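Each remark here refers to the structure printed beneath this line.
Worth saying up front: this structure is predicted, and the values here are computed from it rather than measured.
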Amino acid sequence: MTIGRSLGSAFGSLARRLDRVNALAVPFLDEEDTEDDYALLPPPKPLKSLQLMGIAFFAVSGSAYGIEESVAAGGPFLALLALLLAPVLWSAPMLMVASELSVAMPQSGGYIVWVNSAFGALPSMLNGMSNLLCNVLDCALYPVLLTDYLQRALPALRPSAAGAEAEAASLPLEMLWVVLRLALVAVAAGLNVAGVNLVGHAAGGFMLLVSLPFVVLTVGAVASPDFAPATLLDTSAALWPEDAAGWYFLGTLVLWNTCGYDSAGMLAAEVTAPRATFPRALWGALALTTALYVVPLAACAAASSDWHEWREGQFARLAADFGGGGLAVLVEAGAVVSLVAVLCTLMCTTSRALAAMAQLRMLPARLAQLHPTLGTPVAAVLANAVMVGLVTSLFRFELLMELSMFFWLLEPQPQPDVLLEPHPYPNP
């Protein structure tokens, strides 16, 4: 009995301390506005299956761009096996949890609301802040990638020499790139202010658009005279990662490209018939994502033998081999479209996270205030855009990649001053 009372007293003391700590995570509870004033309500035209599927698709992958290095890391057999197993063992459970919780708690905010309901304010706030930081860094990558594309496509706009004079001459161009990045952020923010339904329509259309280049690429690879599907069954250990770091790189690359389905929960209050729409949209996004990963990768690997040389942007190089410059341009154009769509989608979901934290009084309540006619959290969208615009204007691509993905743990990164070719493809 003494031991039981002692344990009960200890747990009670711990619970009281946790309550006090949780109270620190909601510093805006004393604001005059009530919580119900800022509940994010369904828009006049809530999201349907294809729209939500498009948003989930770009929150997860944005198409097959970015998975090419898996072939160099472990050979085509191991890469394809990982890309088939990850959706079953990793993506599907995440998808089912997101669907179930979104239906059970049809409130915008996703993991902010879920963690708050299960564990209280402090874990929810820490979760929200860490995801916010990661998403801002991710969003800031895409405007930088867009200007990198333009510099590669227009060599005349790249500095042709080094030194102080060249640096001074390139300053107006650098300012132009900054203006273009901020313009892209402004367009994405405007689309999000205009309404989630518009974001959903754009995501659904872009999803179909970015899939087209890979259909053509697959046909070109299969029609290649070097196409030999039997080579995909090569299980030679010489193709596998040589050390633990190689296995770690392959695993994180595959897992990174197959996660993100929980982001759809951010829009739970803005979906029509969520009980039917969420499973249909998320399973559809999973099926399309897996198909776009596996089919083009298998076809291209079967028509190519230099697997150790595969790098980021390999699909564009193989497109030039299989279909000429026109197909290469189509693949590159698809990457640009994917880049813009990913930015719009991430700004949509991140703004809902900010609004949910404000509604729970972890942030000032005004961040959750809705536009009177559009029904969108305008203050949260604008705050998100300001953070993304500031980061994308001040930081170089290499630093953003390191901060966002911690790639320095995987392999040494090239110095910014000697990097010849920027990371070519988007992926959230």
Measuring only between side-chain heavy atoms, which start at C-beta, is Trp310 closer than 4.5 Å to Cys300? yes
Are any side-chain N or O atoms of Ser338 and backbone N or O atoms of Gly62, one a donor and one an acceptor, separated by less than 3.5 Å? yes
Do Val193 and Leu374 come within less than 4.5 Å of each other through their side chains, counting heavy atoms only? yes
How far apart are the C-alpha atoms of Leu327 and Leu217, what are their side-chain angles, what is the distance that settles it, and do they pass the side chain to side chain contact (heavy atoms under 4.5 Å, CB included) test? CA-CA 7 Å; Leu327 181 55; Leu217 177 61; 4.2 Å; yes
Chi angles and distances behind the side chain to side chain contact (heavy atoms under 4.5 Å, CB included) call for Tyr65, Phe214: CA-CA 10 Å; Tyr65 302 109; Phe214 289 97; 3.5 Å; yes
Within residues 110-125 or reaching into it, pairs that qualify as side-chain hydrogen bond (donor to acceptor under 3.5 Å, both in side chains) - sequence neighbours excluded: none
Contact check, side chains of Leu132 and Val136, non-hydrogen atoms, under 4.5 Å: yes
Is it the case that the side chain of Thr349 and the backbone of Met266 share a donor-acceptor pair, with hydrogens and angles ignored and the cut-off at 3.5 Å? no
Worked check of side chain to side chain contact (heavy atoms under 4.5 Å, CB included) between Leu50 and Met207: CA-CA 10 Å; Leu50 182 61; Met207 176 181 63; 3.6 Å; yes
Should His308 and Leu239 be marked as a side chain to side chain contact (heavy atoms under 4.5 Å, CB included) after you check the CA-CA gap, both sets of side-chain angles, and the distance that decides it? CA-CA 8 Å; His308 286 296; Leu239 297 172; 3.8 Å; yes
At their closest point, which heavy atom of Gly66 faces which heavy atom of Leu253, and how far apart are they? O-CD1, 3.7 Å
CD (Gln51) and NE2 (His201) are apart, to the nearest 0.5 Å, by 4.0 Å
Smallest separation among heavy atoms of Ser108 and Ala356, with atom names: O-CB, 3.9 Å
For the CG atom of Leu354 and the CG atom of Asn131, what is their distance to the nearest 0.5 Å? 11.0 Å
So Phe119 and Asn127, do their side chains get closer than 4.5 Å, heavy atoms only? no
Mind checking the CE-CZ spacing from Met53 to Arg280? Nearest 0.5 Å is all I need. 11.5 Å
Please find the pair of heavy atoms, one from Gln359 and one from Gln107, that lie closest to each other, and give the distance. NE2-NE2, 3.4 Å
Any donor-acceptor pair under 3.5 Å linking the side chain of Tyr142 with the backbone of Leu343? no
Donor-acceptor contact below 3.5 Å, side chain Thr290 vs main chain Ala287: no
Could you measure the distance from the CG atom of Leu52 to the CZ atom of Phe57? Nearest 0.5 Å is fine. 14.0 Å
Is Tyr293 reaching over with its side chain to a backbone N or O of Asn257, donor-acceptor style, under 3.5 angstrom? yes
Answer yes or no: is there a donor N or O on one side and an acceptor on the other, between the side chain of Trp307 and the main chain of Pro76, under 3.5 Å? no
Looking only at atom types and distance, does a side-chain atom of Gln369 sit under 3.5 Å from a main-chain N or O of Leu367, one as donor and one as acceptor? no
In short, Ala82 meets Val254 closest at the heavy-atom pair O-CG1, 3.7 Å
In Å, rounded to the nearest 0.5 Å, how long is the span from CG of Leu184 to CG of Leu339? 7.0 Å
Would you say that Thr376 contacts Val196 through its side chain, given a criterion of any heavy-atom pair below 4.5 Å between the two side chains? no
Would you tell me whether Arg181 and Thr392 have side-chain atoms, one donor and one acceptor, within less than 3.5 Å of each other? no
Ser224 vs Asp321 side-chain heavy atoms within contact, under 4.5 Å: no
Looking only at heavy atoms, the pair that brings Pro274 and Val271 closest together is CD-O, 3.7 Å
pair Val187-Val340: side-chain heavy atoms closer than 4.5 Å: no
Treating Glu100 as the side-chain partner and Val97 as the backbone partner, does any N or O pair qualify as donor plus acceptor under 3.5 Å? no
State the OG-CG distance between Ser63 and Leu212, to the nearest 0.5 angstrom. 10.5 Å
May I ask you to decide if Met347's main-chain N or O and Asn135's side chain share a donor-acceptor pair within less than 3.5 Å? no
Would you say that Thr277 contacts Leu47 through its side chain, given a criterion of any heavy-atom pair below 4.5 Å between the two side chains? no
For Ala301, does its backbone N or O pair with a side-chain atom of Ser304 as donor and acceptor, under 3.5 Å? no
Over all heavy atoms of both residues, which pair between Leu330 and Pro213 is shortest? Give the atoms and the distance, please. O-CG, 3.7 Å
Taking the six-membered ring for Trp and the single ring otherwise, decide whether the centroids of Phe315 and Phe322 are under 6.0 Å apart. no
